[in-house]
Amino acid sequence: MNKRTPLENFLFYFLILLLLFFVLAPYAWMVSSSFKTTLEIQGMTPTWIPQTLTLENYVRMNQTVPIVDYFMNSVIISLGTMIFSLLLAVLAAYGISRFNFPGRNIYILVLLATQMLPGVLFVIPYFMLFTWIRNTFGIQMTNTYHGMIFTYTSFSLPFAILMLRNYLDSVPRSIDEQALIDGCTRFMALFRIIIPLAKPGMAAIGIYSFIMAWNEILFATILTRGETRTISLGLLRYLTQNASRWGEMMAACIFATIPIIIIFTLVQKNLVKGLISGATKG
Amino acid sequence: MKKSLILLTVVLTLVVATTIASAVEITFWSMDNAPSAIHTAWMNEQAEIFEAETGIKVNFEEIGWGDGPLIMNAIITGEGAHVFQLGTTWNPEYASTGGLLEIDMDDFGGADSFFEANLESTTLDGVNYGVPWFAETRVLFYNVDMFEEAGVEPPQTYLDLVDVGLEIVDTFGEGRAIATAGTGAWDLIHNWAIILWAHGGDMLNQDNTAAVFNSAAGERAMNYWVNLVANGLADEACAEYNQPQADSAFINEDAAMAFMGPWNIANIMDQNPDLNFDIVEPPAGPFGRASFSGGSNLAIRNNAPAEELEAAKAWVAYLVSDEVLADYTKNLSMMIPANKAALDDPYYDSELWQTFITTLGYATAYPPLAEWGPIEGAIQGNFGQVLSDYVDGNFTSTTAKEYLDAAAAEVNNILD
């Protein structure tokens with residue numbers, strides 16, 4: 001491998017720094033603004049370093065909007081979505097990966113097709129479905145955690161199944177066969193042998209499901225209300241018709257980013273491995 | 001003795017159970033008219049007082065201004081609020097769904113109890129479908145210190161405003177005289193309409209069947225608005241401002257004047273309590289003074305059992321009652337009570353509030369049409385680019401008329 005010249009090195013690191021600047025500058029601005037007074041944020045001369053450092057935005061962010069409640073709602077809904085997506089995706093992906101059943105290809109095609117349709121098409125059908133469930137079975141679905149977990153799981157599932165299928169395809173079938181010869185049932189082989197091997201792929205779909213549920217706005221607008229409002233909607237409430245509370249919004253954005261950073265940090269290694277595997281086998 | 005005691009317990013349990021089963025419970029949605037913590041606390045406190053008086057339980061939920069679809073869903077499915085806040089310009093559109101309860105104003109103190117423009121905003125085809133809750137109108141806020149330093153008095157006419165503005169520009173520099181909203185403003189139309197009415201124009205014709213805002217008056221109003229930037233009175237950044245940004249420019253003392261509503265008093269107290277400001281009525285045009293009348297109404301969905309409808313009406317009557325409403329508007333929403341009797345509260349005797357009240361007396365509301373939402377959207381969509389066009393050097397002597405005609409054509413399509 002050729003060694004880089006000093007000029008190439010300079011250009012390489014300069015481009016990396018430039019890229020980092022574009023990626024990180026909005027976050028730096030968010031952090032900086034969260035410590036500024038409203039007057040300074042809205043002033044005509046923008047400043048990177050707060051001229052009057054204040055924690056007021058952090059103190060007031062939950063008084064203006066009940067953002068902590070919305071945060072907890074998002075944690076419950078996103079974790080629920082992640083767990084159910086993982087559970088269902090692993091079963092479905094294993095089935096597609098290992099069994100050649102009638103209609104398998106059509107099933108995969110349908111899964112792919114669901115990814116082509118814009119989400120807004122499903123808003124009214126979901127609302128009608130939820131109303132029908134309530135009227136027929138007496139089960140409240142709108143404005144409930146289980147309703148939102150059901151909704152988001154159904155959104156994340158097709159992509160999760162396809163991605164995990166690719167990953168499971170990379171695990172040799174001979175491993176299943178050896179487990180079966182050693183006396184395992186199919187379920188035992190899946191849960192004791194295959195799933196531990198598929199951890200990177202599962203981490204990738206787990207975080208995908210979590211982030212999808214964490215960031216979603218459209219369905220949350222229609223299907224949630226006070227008790228189940230999610231944080232992505234809560235953040236928007238700092239901008240009303242009559243006032244823009246940018247400082248508090250920035251503070252709340254930092255608060256909202258914390259779980260995503262923690263989860264990414266925890267599963268970063270597995271996530272990258274899982275994503276790469278899915279990409280190369282696809 | 002023991003048997004009697006058991007019998008008494010059974011009877012008491014039955015009575016309590018029956019009372020609980022028959023207790024009416026309703027849900028009320030309002031927008032975040034104040035910071036959530038104090039707003040929710042106030043509403044819950046009022047709900048408790050109301051329940052103690054009537055036995056009706058009210059569940060309060062705060063929603064955002066972007067939650068119109070949620071209200072529409074509640075109207076269609078019967079799931080959600082019994083009573084909800086509607087912006088005055090929304091009321092006729094929601095009434096046109098057939099899902100709002102017809103209101104007999106006599107149940108709420110009579111039609112004369114409310115400001116005329118707000119009352120009109122609750123109607124569709126002459127029938128009331130809401131009760132006016134609070135009102136707002138736009139006046140001219142000015143920075144007293146900047147005016148004193150520039151040696152000028154608050155403008156009384158639109159021509160005065162330009163002269164005063166030029167003096168301020170001389171003293172403080174370009175763009176410092178007035179802040180106005182542009183491309184990003186949801187209520188751009190409200191601010192422009194004030195100038196339109198003062199110049200003798202109107203939005204629609206008498207029977208609300210065609211747009212007339214593309215008249216000579218409309219053209220004058222638009223050119224006046226653009227000239228605020230062209231003459232250096234307003235900063236070119238205004239082209240990108242939404243209304244809160246324009247308000248902030250005034251609150252930050254970057255601009256000496258702005259047309260703003262009463263809620264901005266709370267914003268000033270919160271963000272820059274040292275600001276030395278005052279207000280005057282909007283300047284007069286060739287056809288006198290004019291302002292926009294807005295605010296919010298309370299509406300009741302009609303697909304609920306009769307006892308819940310009665311409970312909802314009782315809650316609305318409670319919210320618009322003099323003392324409760326005055327307490328809400330002066331301590332939370334910082335708006336003007338739509339029920340005129342609530343203005344007897346001494347709080348509203350100040351010169352500042354009297355200016356708002358006087359202005360509201362002649363302020364105009366938009367025609368109460370089911371199609372008003374799309375009409376407003378068509379006008380906003382066309383006017384949004386006007387200031388940007390000027391800043392980009394694309395505004396010529398015919399541009400105003402072109403935009404007005406394009407918007408009028410869209411509005412006429414909607415009305416057809």
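Protein chains get the first letters and strands the later ones, always in sequence-line order, with residue 1 at the start of each. Keep in mind that the numbers below use all heavy atoms, side chains included, and drop hydrogens, waters and symmetry copies.
Ranked by non-hydrogen atom pairs under 4.5 Å with chain A, the options B:Ala37, B:Ala266, B:Pro244 are led by B:Pro244. Your options are A:Thr221, A:Asn135, A:Asn62, and the one with the most heavy-atom pairs under 4.5 Å with chain B is A:Thr221. The candidate from B:Asp67, B:Ile76, B:Asp247 with the greatest count of non-hydrogen atom pairs under 4.5 Å with chain A is B:Asp67. Of the listed residues (A:Thr224, A:Leu39, A:Thr38), the one with the most heavy-atom contacts under 4.5 Å to chain B is A:Leu39. Of the listed residues (A:Gln140, A:Met128, A:Gln63), the one with the most heavy-atom contacts under 4.5 Å to chain B is A:Gln63. Of all the listed residues (B:Asn267, B:Asp235, B:Asn73, B:Thr77), the one sharing the greatest number of non-hydrogen pairs under 4.5 Å with chain A is B:Asn73. Ranked by heavy-atom pairs under 4.5 Å with chain A, the first of B:Gln271, B:Glu79, B:Met31 is B:Glu79.
Both the backbone and the side chain of B:Asn252 come within less than 4.5 Å of a heavy atom in chain A. Neither the backbone nor the side chain of B:Asn33 comes within contact range of chain A, judged by heavy atoms closer than 4.5 Å. The contact between B:Met335 and chain A is made entirely by side chain atoms (from C-beta outward), counting heavy-atom distances below 4.5 Å. Proximity to chain A is limited to the side chain of B:Glu61, based on heavy atoms less than 4.5 angstrom apart. In this structure, no portion of A:Thr37 lies under 4.5 Å from any heavy atom of chain B.
Shown here is A:Phe84, whose CZ atom has no more than 12 heavy atoms of other residues, nucleotides or ligands within 6.0 Å. Shown here is A:Ile124, whose CD1 atom has no more than 12 heavy atoms of other residues, nucleotides or ligands within 6.0 Å.
Scanning all heavy atoms of the two residues, the minimum distance from A:Ala252 to A:Leu235 falls at CB-CD2, 3.5 Å. Residue B:Trp29 comes nearest to A:Arg225 through the heavy atom pair CZ2-CD, 2.8 Å, listed as atom of the first residue, atom of the second, then distance.
Taking the six-membered ring for Trp and thresholds of 30 and 60 degrees, A:Tyr208 and A:Phe159 have ring planes inclined between 30 and 60 degrees apart. Ring planes of A:Phe130 and A:Phe150: tilted class, angle from 30 to 60°.
Taking the centre and axis of the six-membered ring of B:Trp315, the NZ or CZ atom of B:Lys57 falls outside the cone set by 45° and 6.0 Å.
With hydrogens and angles disregarded, no donor-acceptor distance shorter than 3.5 Å links the side chain of A:Tyr58 to the backbone of A:Phe255.
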